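No hydrogens, no waters, no symmetry mates; every other heavy atom, side chains included, goes into these values. Not measured: the values here are computed from a predicted model. Residue numbers start from 1 in every chain, and the chains themselves are labelled A, B, ... in the order their sequence lines are given, proteins ahead of strands.
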Amino acid sequence: MSDPTRENSFPAGASRSDQSTRELEEIAAGGYRYGWTTDIETEIFPKGLNEDIIRELSRRKNEPEWMTAWRLKAYRAWQGMEEPRWAKVTYETPDFQDISYYAAPKKKPEKKSLDEVDPKLLETFEKLGIPLEEQKRLSGVAVDAVFDSVSVATTHREILGRMGIIFCPISEAIREHPDLVRKYLGSVVPQGDNFYAALNSAVFSDGSFVYIPPGVKCPMDLSTYFRINAAQTGQFERTLIIADEGAEVRYLEGCTAPMRDENQLHAAVVELVAHRNATIRYATVQNWYAGDEEGRGGIYNFVTKRGICLEENSRISWTQVETGSAITWKYPSCILKGDNSVGEFYSVALTKGCQQADTGTKMIHIGRNTSSTIISKTISAGRSDNSYRGLVRVLPKAENARNYTQCDSLLMGNRCGAHTFPYIDVRNPSARVEHEASTSKISEDQLFYCQTRGIRTEDAISLVVNGFCKEVFDHLPMEFAVEASRLLSVSLEGSVS
Amino acid sequence: MLTVKNLHASIDGVEILKGIDFEVKPGEVHAIMGPNGSGKSTFAQVLAGNEAYEVDESVSEVTFLGQNLLELSPEDRARMGMFLAFQYPVEIPGITNAYFLRASLNEIRKFRGEDPLDPLEFQELLEEKMRLVQMDPVYAERFVNAGFSGGEKKRNEILQLAVLDPKLAILDETDSGLDIDALRIVAEGVNRLRSPERAFILVTHYQRLLNYIVPDYVHVLYKGRIVRSGGRDLALELESRGYDWIREEADVSA
C-alpha cells in the first residue's frame, strides 16, 4: 500500500454518480473583473527547464548552496515522474519546455519600505482591491503581495515582529531563517510527493513564510495575494506556515490573473505544521482566470496543499472558495498525527463555462481521538464538470477516530456534471465515519417563488446559491465571506435565459 | 383594481382557462371555488405571472392598477402590490426567513420610491407582524420553509402577506392540508389584514375556509370558465349540494 498522504495516487474503485439537469440555460459570459494586465518592464527567463535554469533561479535569489541542492534533487526526481491522470479532468499536457519559470518586475523591489516599491505595482494591487499602503489597510489584515514570481510587498511586518512572528516572502526566509526553513520545508509535502509538487520544489520562486512562536495568538489575519501578470510564465509559489506550541493564526489567500487565450500553469505547494495545542486556519478565495466560453485559455491550477497536526490537541482548518481556473486539481489535506487533533475542510467549488474542477481533501487519522469534518459544496453550470474527491483513512492505531463528511451538489442547466468520489478506508474498529451526500438543482419553482416576492431571477439564483453555501461561508472571515458571496453572484450572472 | 377579460391560458398545448371574465375592486374578498381540475390554481398562477403557462394574448385582457398585467414580469407584479400565497410554498435552505423577507420588502419599497429598511428597522416590523399572525419569533431565523410542517408553511405565507402589505392578495388553496386549529389561526391572520384598500382572492375547493373568512363574492370555476357567481350563499349551497349540479347545468348549457 502506497503512502496515503501522497498526491501521486488516489485509490481505485471510486463510486461515481453522474448527474445532470434540464431546466436552466447555459451560463453566459460572466464578466471577469481581473482580466487586465499591468504594463511593467519585466525580466523573464528564457523558456524551458534544465539544471542551469534552476541554478540561475537559485543564484538570482541569493540562495544558499543547500537550497540549490534541494531544488536540483527535486528536479531530478521530477524528471522520472509522470503526471497524475486519475482526476476527472481532461486537458493537453502543458509543454514544460515552453514555459518561462521566472518573471519579475525589473526594478528590483526593495521591501524595506513601501515607498520604494514601484508605484505601478502599488497601483496594480490597489486596482485589485488590495491597497498596500498600511494606513489604508483594513486594520487586522497583514498582506504579502506576490506578483508573478516575486513578493513585492509585505505589510505590518514591524508590529508582527515585535511579537516574534515572522511573516515574510519565503525567498527571504531561506536567507534569514535557514534553520526553520530547513527543518520544515518538504516535511509535509516531500519533494517527490507528486509530479506537480516535485516541479514546484525545483522551481518555486516565491510565496509566504509564516512562523508563530510558542504561545502567541497572531493579532491579525495574515494574507497573501497572488497575481499572475506576465504571459507564458508559470507561477510556482510555495507557502510554509508553522504554528509552534499553543500558537494560533488565520491565513487568507486570494488569486487573480489576466485573461489570455493560452493556458497558464500555476503549481503551488502549501505546507502547514501545527505543534501541540496550536491552531491554523487557512482560507482561500481562488479566482484565477477561467478561460472563455469555448474553453480557450485560463489557468491550470495544480496545487498540493497539506497540513500536519504534528502533536496533540492541534487543529488545522482549510476553507476554500474555488470559482476560477480552467482546471482545478487540489486536495487540501490534514494528517492527524497528534492525539486529539482536529482536521476540517470546508469547500465551495463553482464551475461554469468549460471549467473542470476535481477537488476535495484527505483526512489521515493516525493519532488517537482524532476527528475530522468535511463539508463540500459544488455548484456546476454551463458545460462544466465538477468533482468532489475525498479520502478518509483511519490507521490501526487511531482509536476512537471520528469523521463526518457531507457532500452537496447543486446543478444549473442540463449540460454540466457533478460527481462525488468518496474513498473511505478504516482499519480500526472503534472508528465512526459518516458520509452524507445530496444532489439538487435550482428549480423553476424556487425562482418563481422569489419572483412573486419581488426578487428578480438573477438575484434569486444568487440567493439560492448563497443559501446552499452557507455552512462554508460561515467559516470565512467576514470580509472574505462578503467577497466570496459577491464572486458567486458575479460568476453566475447571465446564467438564465 | 383587477379586470380580467376573456382570459385564455394553456400549458403544454392544453387549454386550461377558456375565457374568464372577472373583476375585483379594492376592499373586496372574492372566493373562487370549483371541483378539482377546473383551473382554479392555474388562474392564480397566471395572475402571478408563472411563465409555465401560456396566455393567449390575442384575446385575453388583464388590467391591474391600470396597467396591462400580461406585459409585466412576475417581480414587477409583486412590486406593484400583487401577492400570491402558494399552495405548496417553496423551501430555500440556508436563507433565513428574516433575510428573505427583508430582501423582498426592500425590492418592493425601492419600486415605490421608498428607502430600504435596515436590519434593525426591519426586525421591529417583522416582530410586530409575527405577533399579528401568532407566529413564534424563532421562525424569523429559521431557513425559508425548510423543514416546516404544512401548517407552518401556510402560516409563513400569511406572515409574508402581512409584511409585504400587498394591494391584492391571492391565496391559493391556503386551507388545504390544514387541521381545524391551523385553519382558524391562518383565517384570523387574514381577517386582521382585511382593509378597505386591500382586496383578496381566495382560491379554495372547500367552503369551510369561508366560514372563517367571509367573502363578498363567490365564483364557481368549471372547465376553465366561471359558470356561476353569487354571494356567500352560493358557497353554502355548494357545501350542501356538492358540485354535481354545477357540472350538469354547465354541461347542458355548453
Side-chain angles (χ1 to χ4, degrees), chain A residues 22-25 321 346 348 350 375-379 406-411 436-476 478 481-482 484-486 488-489 496-497, chain B residues 44-53 72-97 99-112 116 142-146 153 156-157 159-161 163-166 168-170 172:
Chain A
R22 56 194 163 81
E23 301 198 39
L24 295 161
E25 287 260 312
V321 177
Y346 302 101
V348 166
L350 179 147
I375 308 284
S376 162
K377 306 275 183 177
T378 62
I379 303 147
Q406 184 188 331
C407 297
D408 297 322
S409 314
L410 187 67
L411 294 153
E436 289 181 24
S438 77
T439 301
S440 54
K441 61 177 164 51
I442 293 189
S443 67
E444 298 285 0
D445 289 349
Q446 276 174 319
L447 298 183
F448 179 59
Y449 188 72
C450 292
Q451 282 181 289
T452 64
R453 302 302 183 251
I455 298 166
R456 70 190 181 117
T457 310
E458 293 196 338
D459 295 336
I461 290 172
S462 156
L463 202 70
V464 172
V465 169
N466 273 292
F468 177 75
C469 299
K470 184 173 191 304
E471 288 154 288
V472 174
F473 287 174
D474 282 352
H475 290 274
L476 286 172
M478 181 68 102
V482 170
S485 164
R486 192 196 59 74
L488 289 194
S489 305
V496 284
S497 51
Chain B
Q45 294 278 319
V46 166
L47 289 179
N50 190 336
E51 283 159 13
Y53 298 91
L72 299 173
S73 66
E75 56 267 34
D76 277 341
R77 297 177 197 204
R79 291 166 185 172
M80 282 176 67
M82 182 182 284
F83 179 85
L84 172 64
F86 279 58
Q87 182 176 5
Y88 304 108
V90 173
E91 300 187 5
I92 310 177
I95 298 296
T96 65
N97 246 339
Y99 184 92
F100 179 70
L101 261 178
R102 189 165 75 89
S104 171
L105 180 62
N106 280 341
E107 287 291 348
I108 291 167
R109 291 178 64 91
K110 191 164 80 186
F111 186 84
R112 292 179 190 151
R142 294 269 303 268
F143 298 146
V144 180
N145 293 323
K153 284 183 180 172
N156 204 27
E157 294 291 283
L159 172 67
Q160 296 185 14
L161 165 55
V163 170
L164 300 180
D165 192 25
L168 172 64
I170 305 163
D172 186 8

Inset, instruction - Examine whether an atom of B:Phe143 lies under 4.5 Å from a heavy atom of chain A, and if so say whether it belongs to the side chain, the backbone or both; otherwise answer neither. - result: side chain
Extract all donor-acceptor atom pairs below 3.5 Å that involve side chains of residues 83-94 of chain B and protein atoms in other chains or at least two apart in sequence.
unit_1  : atom_1 : unit_2   : atom_2 : d
B:Gln87 : OE1    : B:Ser41  : OG     : 3.4
B:Glu91 : OE2    : B:Lys153 : NZ     : 3.2

Legend entry - Top contributor to chain B interface from A:Gln451, A:Glu471, A:Lys470, A:Gln446 [non-hydrogen pairs under 4.5 Å]: A:Gln451
Inset, instruction - Report yes if the side chains of B:Glu107 and A:Asp459 come closer than 4.5 Å at any heavy-atom pair, otherwise no. - result: yes
Legend entry - pair A:Tyr449-B:Asn145: side-chain heavy atoms closer than 4.5 Å: yes
Legend entry - Reported CG-to-OH distance for the pair A:Leu463 and B:Tyr99, which is rounded to 0.5 angstrom: 6.5 Å
Inset, instruction - Please report the shortest heavy-atom distance between B:Ile95 and A:Asn466, naming the atom on each side. - result: CD1-C, 4.4 Å
Inset, instruction - Check B:Ala48 against A:Thr452 and note the closest heavy-atom contact, atom names and distance. - result: CB-CG2, 4.2 Å
Inset, instruction - Please name the pair of heavy atoms, one in B:Leu164 and one in A:Arg453, separated by the smallest distance, quoted to 0.1 Å. - result: CD1-CD, 3.9 Å
Inset, instruction - Identify the two heavy atoms, one from B:Ala78 and one from A:Gly454, that lie closest to each other, and give their separation to 0.1 Å. - result: CB-N, 3.4 Å
Inset, instruction - Search all heavy atoms of B:Gly49 against all heavy atoms of A:Phe448 and return the closest pair with its distance. - result: C-CE1, 3.6 Å
